[in-house]
Amino acid sequence: MKKKADSIRFSAFQLRVWEAALKIPFGSTRSYSWVARRIGSPQAVRAVGTALKNNPYPLVIPCHRVVKSNGDIGGYSRGRKAKEQLLELEKGMKNMFCLKGDISIE
DNA sequence: TGTCCGCGGGTGT
DNA sequence: ACACCCGCGGACA
């Protein structure tokens with residue numbers, strides 16, 4: 001990603017990561033490795049984390065739904081706490097609307 | 001559990 | 001070109 005006045009220049013890798021993140025169902029979570037596999041770069045798990053961190057719209061892109069594969073919550077730009085609360089919030093909303101299954105965006 | 005190392009991509013120098 | 005830095009994961013003790 002070139003940092004210039006343009007600000008609309010992102011690498012294809014980042015775009016793929018964010019696109020994959022957008023496919024994560026509301027109120028659900030996926031792992032970093034899941035995203036890595038999904039974008040066709042199974043070993044790029046660390047890069048996925050970096051890409052998610054660099055995402056320009058942290059709330060539009062549901063990067064908070066990406067957690068560690070070992071059950072840990074993982075990191076978050078705005079702090080782990082915020083991430084945790086966001087997930088709880090989505091869970092609550094899901095419950096509020098009496099949603100049994102996942103909501104698929106595509 | 002805690003550490004350690006490799007991983008791919010991004011950024012600074 | 002080089003040397004780090006990471007929102008990780010898996011192996012190993």
Side-chain angles (χ1 to χ4, degrees):
Chain A
M1 175 170 71
K2 195 75 223 67
K3 203 67 188 64
K4 211 50 197 290
D6 52 1
S7 71
I8 318 247
R9 176 138 301 256
F10 300 109
S11 70
F13 180 81
Q14 284 173 310
L15 293 176
R16 280 197 298 275
V17 170
W18 301 335
E19 187 182 1
L22 284 170
K23 293 191 176 75
I24 303 177
F26 181 91
S28 182
T29 62
R30 294 295 183 274
S31 69
Y32 290 91
S33 56
W34 180 89
V35 176
R37 265 184 277 107
R38 191 170 184 82
I39 65 177
S41 304
Q43 303 131 296
V45 282
R46 300 179 70 170
V48 167
T50 320
L52 287 173
K53 176 173 60 176
N54 289 132
N55 112 65
Y57 307 108
L59 288 169
V60 180
I61 309 260
C63 47
H64 55 277
R65 295 182 199 152
V66 186
V67 299
K68 284 200 178 186
S69 60
N70 50 358
D72 198 355
I73 187 161
Y76 194 57
S77 319
R78 311 300 197 268
R80 312 261 233 269
K81 186 74 176 185
K83 184 173 185 177
E84 197 175 349
Q85 289 175 350
L86 277 170
L87 292 174
E88 279 301 311
L89 175 67
E90 289 195 357
K91 194 159 71 84
M93 287 189 63
K94 198 174 160 187
N95 185 37
M96 177 189 307
F97 287 108
C98 301
L99 302 171
K100 307 295 185 186
D102 288 337
I103 304 178
S104 180
I105 296 183
E106 14 172 27

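So that the names make sense, note that chain A is the first sequence line, chain B the second, and so on, each numbered from 1. Remember, predicted model here, so these are calculated numbers, not experimental data.
The distance between atom CG of Asn70(A) and atom P of dG10(C), rounded to the nearest whole Å, is 8 Å. In this structure, the CZ atom of Phe13(A) is 12 Å from the P atom of dT11(B), given to the nearest Å. As a whole-Å value, the separation of Ile61(A) CD1 from dG7(C) P is 17 Å. Protein atom CG of Asp72(A) is 14 Å distant from nucleotide atom C1' of dG2(B), rounded to whole Å. As a whole-Å value, the separation of Gln14(A) CD from dT11(B) C1' is 11 Å. Distance Leu15(A) CG to dG9(B) P: 14 Å, rounded to the nearest Å. One atom, CD1 of Ile39(A), and another, C1' of dG9(B), lie 10 Å apart when rounded to the nearest Å. One interatomic measurement links the two molecules: CZ of Arg80(A) to C1' of dC8(C), which rounds to 11 Å at whole-angstrom precision.
Taking the ring centroids of Trp18(A) and Tyr57(A), they lie at or beyond the 6.0 Å cut-off.
Distances shown here put a side-chain N or O of Ser69(A) below 4.0 Å from the OP1 or OP2 atom of dG9(C).
In this structure, the side chain of Lys53(A) does not engage the main chain of Tyr76(A) through any donor-acceptor pair within 3.5 Å.
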Under the side chain to side chain contact (heavy atoms under 4.5 Å, CB included) criterion, do Phe10(A) and Asn54(A) qualify, and how do the steps go? CA-CA 10 Å; Phe10(A) 300 109; Asn54(A) 289 132; over 6 Å; no

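Below the 3.5 angstrom threshold, one finds a donor paired with an acceptor across the side chain of Arg46(A) and the base of dG6(B). A donor and an acceptor atom never sit less than 3.5 Å apart when one is taken from the side chain of Tyr32(A) and the other from the base of dG9(C).
When heavy atoms are screened at a 4.0 angstrom cut-off, Thr50(A) is found touching base atoms of the nucleic acid. Heavy atoms of Lys68(A) sit under 4.0 angstrom from primed sugar atoms or phosphate atoms, though from no base atom. Across all strands shown, Ala47(A) has heavy atoms under 4.0 Å from base atoms, whether or not it also approaches the sugar-phosphate.
Remark: Glu19(A) engages Lys23(A) in a salt bridge, criterion side-chain N to carboxylate O under 4.0 Å.
In this structure, the nucleotide among dG9(C), dG10(B), dG8(B) sitting nearest to the side chain of Ser11(A) is dG10(B). Of all nucleotides listed (dG7(C), dG9(C), dG8(B)), dG9(C) comes nearest to the side chain of Ser33(A).
The partner of dG9(B) is dC5(C), by the rule that a Watson-Crick or G-U pair needs both atom distances under 3.5 Å.
Side-chain contact of His64(A) with Glu84(A): a donor-acceptor pair under 3.5 Å is absent, judged by distance alone.
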